[in-house]
Amino acid sequence: MEAAVESRVEETPETPLREFWRYFSANPGALIGLGVVVFVVLLAIFAGAIAPHGPAENHDDAFLLPPVWAEGGGWNYPLGTDAIGRDMLSRLIYGTRFSLLIGCIVVAISMTIGVAVGLAAGFFRGTFDILVMRLVDIVLTMPSLLLAIVLVAILGPGLVNAMIAVSITYLPYFVRVTRAAVIGEMAKDYVTASRVNGASILRLMAITVLPNCMAPVIVQATLSFSSAIIDAAALGFLGLGAQPPTPEWGTMLADSREFVLRAWWVVTLPGLAILVTVLAINLMGDGLRDALDPRLKR
Amino acid sequence: MNRHLLAAGFGLAVLGLAASGEAKTFVYCSEGSPENFYPAINTTGTSFDASSRQIYSRLVEFKLGTTEVEAGLAESWDVAPDGLAYTFHLRKGVKWQTTAGFTPSRDFNADDVIFSFERQWKTDNAYFKVTSDNHSYFNDMDMPSSLKSIDKVDDYTVRFSLNTPNAPFLANMAMDFASIESKEYADKMLAAGTPEKVDQEPVGTGPFQLESYQKDAIIRYQANPSFYKGKVKVDSLVFAITPDASVRFAKLKSGECDLIPYPAPADVPAMRSDNSLKVLDQAGLNIAYLAFNTSKKPYDDIRVRRAVDMAINKKAIVDAVYLGFGIPAKNPIPPSMWSYNDAVKDYDYDPDGAKKLLADAGLANGFDTDLWFMPVQRPYNPNGKRIGELMQADLAKVGINAKLVTFEWGQYRKKLQGGEPMLMQFGWTGDNGDPDNFLNTLLGCAAAKIGGNNVARWCYKDFDDLVAEAQRTADPKKRTELYEKAQLVFKDQTPWFTIAHSLQIAAMRGNVEGFKLSPLGYHDFSEVDKK
Amino acid sequence: MLRFLFTRSLLVIPTFVGITLLAFLLVHSVPGDPIELLAGEHGISVERHTQLLHEYGLDRPLSIQYLRYVGHVLRGDLGRSLITHAPVVQEFSQLFPATIELTLAAALFATLVGLPAGMIAAVRRNSVFDHGVMGAALAGYSMPIFWWGLLLIILFSNTLGWTPVSGRISVDYDIAPRTGFLIVDSLLSGEDGALASTLSHLILPAVVLGTIPLAVIARMTRSAMLEVLGEDYIRTARAKGLGPLRVIGLHALRNALIPVVTVIGLQVGVLFTGAILTETIFSWPGVGKWLVDSINRRDYPVLQGGVLLIGTVVMAVNLAVDLLYGVINPRIRYRRS
């Protein structure tokens, strides 16, 4: 990050990356989002060192203690404890790992497969394209959560299966976005030139066309990253995602739902953690889109 | 248009107010939608509460709040000396309910009784397949093999002939599947070409009659004005379907509900401390246990079974997993069942004693075992995995290395009955309140064969003789003695580590009177009142 | 024009066939034996098991089962629930009005608040109001609504006691379901206070379900307005001395509405997803909760029928939006081909 800031001082011609950073850093919301995301990543990496207690460690003498600022709370458990005496703060900190992991894996799976299929569809057109796009249309008629629920029912509840299910529901979006971008690029002169020069199809696809289609794909990826966190948490909330005692935020919410009247913190805090993380990623994503979208640059 | 509607609305509202001035409505916030209104094909308490318990009556009934059998539609009954025939003398003048779709022309009689059973029994009955031909309980209670014939002696006398003597038969007649339906109504609907209406718009002889049902939302009943025990004290009954336990509690507090079943464990302390509410609890008719496969080494050795029993901290399991919703079990039958033997002494938690016993058995260095845990939540076992983990930790302390195993529910049960596991969690919910339904069904020699319900494969002659004799005996006092002895034998031989009986809880507004919890899990509102 | 309508409508056929196949294959991949699950501890004899399999048609080859299924679907028969034994179509039609009522109320809420908020934000670009609205919109867009619902219940139902916790209407009112839409039914019933009770039960779920669409609509309206406000004809109108209200209300809004209407239409799928969670939280007796329950109970016919019916509804709405869009905006017809 610092290296990038320094680069603005030098008056060398702008590389695309620097140009991108200039636009991105002009957006205060995006910077705040980036800051929070970096903070969350650090929490996830150093959870073991930061968290005061283990995530699954239960204390028989401390059921449902309120946070430190409320009456009856103490510094031993700064954000209180849950129904079986586990420290909320520690569980929330460890929860960052699962949320980031969910985001990364879902995006990785759906982007890799989606881009490959979209690229092929946009490149070859014809019957393959028609089939793929029909399939995409069909899958998109299913509300994504419903599809994810059915997929989890097939695969069995659990964090890994929830991630796979969510990835599958995101595939069609990546296929669509990539295909549209590829079709747009294919008409351009440089592609024709490259073709005339006898570049192989694979080379044409992977090296010539793909990099120029990445902007919308990256935007889609940030959108998917944040919604994957929410969707996996929703599955956890319905009892179909990560299983207790995993400190995944949605699962924590579902676990503590029955205490809604007695202990507001066990319900409020995991949801707040989801909201803040997702909001930060979306702020960052907005900045990313503005910086990548050539139309707005003018 | 608008004005017209408003004027009409006003008129109706005035009428409604005048009519509802004195009406007493009892609101029960139930936990789910019933499967349907035909008790004989249903399997869940939720459905029985909504259908059989309110709308229908049976030949004999469970006395409110107990598992004892008392007179119902039959005023009295005789048992043949050989135990092979039950003759029921029916009550006269019992009126069928009059509903929007049916006006009865005659009172309840023997034809109705015969129809209700033949509908589930005789494949050639016109109603056998209506709605569903899967009459689960009729089959589960072995009716097809134990019933020989049902005969009408006269209009008010019916005789059931059996193939073998079977003392629990009487209790079976009080179960939901034995609810009596109107043959006249069924015939009329069949003639009209709408037989399934019998199950959708039920007509019974029970305390309430169905008025309307909106799926997943609300069921409305009216008091049956001609109920044979006299009209109930409330005028109407409402089931407000509220699946979420904490929401039920919130509605109870705000007065939207008069009574709620199955509260969340977390809310119970708050309920008990609230002066405007009353909380009832009672041990349910169930048992969770860990069975030893007595046909496999090392569990064929009684010392090993006792050692495991002493090594597991029962109280910790009940506290941590049942969260105040269970009581530690020492007998294979729950305390709310007649013949429960409170004199039985449970083994104490004693890891050192367990180690000694293991050393005696030549297993001082411990051994490896599997430990199968329940894959699904059941009424008697809220979290099989959690219990398994706690047991595993306790066993490790005495040197027993247990590996946790589970399968998908249908497979799990099959493998247990197939005799494959060594150490396994299982459980049972009583059907008819008869001890035979636990002691013989789960521990008798007949059930110990491969594929049977005696998953401990425990066939012990002393025990089996006692239980078999009790099954042939009709006198309840004599049976009680036999079952009490059987429980002593059971504890001594330890084929199971008895885990817990789950507690059922209901909470109600302070002004509710006359409600009793049933050990069978029913919610019966025939004596309920609001002051 | 007619050709466009015709070809677009024809596309429905392969999509529908695809949906039936998808619903069928998905549901048949769900593991677990429904018959065993029904049997509980008692178990079930092998003969009876085989007999029931045969009765439910579960013992035939998959392809035959599928063809039979499609045959039944074409005759409007989606089978019966394994649990309640009621026809799936009947259960769906009983519960669907509740979902529509909730969804429409949420869409109405989202539009009524989102549209003006987005417009004002665009007109007062970079004002405090603009930043506030856009910040709130992004927060709304990032909202885990299952949590949002719980939060609103804690606040409005438990703490303040303003709204009921769950259900569609107080049990004090016995409203005959004439249309299934409680707002209409309670009006028709003429009972005093019935409508008020219905509305007070509807408001929280509608707000929760409407939150994400509200955010999307506000953002979309703002950017569409900004684009239109920069166009020449608006500048011309301004230069001619037309009042700002007339310029914005008449000229700008009308043109900005086209993309906004599309977005509202495309939110239908999102609304269904949200409805599943909202109905679960508020015990709303609609199809979303029905489907989640059916999975937990392994009620295959309900799951299969429900997926098919909801897919069909979404497909129909998408078709309607597309056709409407094609009619409003002639350019689309060339772009699509």
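Proteins come first, then strands; the chains are lettered A, B, ... in the order of their sequence lines, and each starts at number 1. Note that the structure is predicted; figures quoted are calculated from it, not measured. Below, all heavy atoms of this structure are taken into account, side chains as well, without hydrogens, waters or symmetry copies.
- Comparing C:Arg168, C:Lys289, C:Glu91 by heavy-atom pairs within less than 4.5 Å of chain B, the highest count is held by C:Glu91.
- Proximity to chain C (any heavy atom under 4.5 Å) is restricted, for B:Asn139, to the side chain, taken from C-beta onward.
- Contacts between B:Thr131 and chain C at a heavy-atom distance below 4.5 Å involve backbone atoms as well as side-chain atoms.
- Side-chain polar atoms of B:Asp244 and C:Ser283 form no donor-acceptor pair below 3.5 angstrom.
- B:Gln222 and B:Glu211 share a donor-acceptor pair across their side chains, judged by distance under 3.5 Å alone.
- Each of C:Thr280, C:Asp293, C:Ile169, C:Thr84 has some count of heavy-atom pairs under 4.5 Å with chain B, and the biggest count is that of C:Thr84.
- Residues that satisfy the ring-ring contact (aromatic ring centres under 6.0 Å, His included) test with C:Phe181, not counting sequence neighbours, are absent from this structure.
- Scanning residues 93-102 of chain C against chain B with a 4.5 Å heavy-atom cutoff picks out C:Gln94, C:Leu95, ordered by number.
- If you check the side chains of B:Gln417 and B:Asn453, you find a donor sitting under 3.5 Å from an acceptor.
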List the steps, then state whether side chain to side chain donor-acceptor pair (under 3.5 Å) holds for B:Asp431 with B:Asn437.
-> CA-CA 7 Å; B:Asp431 299 309; B:Asn437 183 238; 3.3 Å; yes

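- Residue contact with chain C, scored on non-hydrogen atoms closer than 4.5 Å, involves the side chain of B:Lys251 exclusively.
- Looking only at atom types and distance, the side chain of B:Glu31 has a donor-acceptor partner in the side chain of B:Thr46 under 3.5 Å away.
- Ring orientation note: the planes of B:Trp121 and B:Phe138 are tilted relative to one another, at an angle of 30° to 60°.
- B:Phe177 has its side chain out of reach of B:His135: every pair of non-hydrogen atoms, C-beta onward, lies at least 4.5 Å apart.
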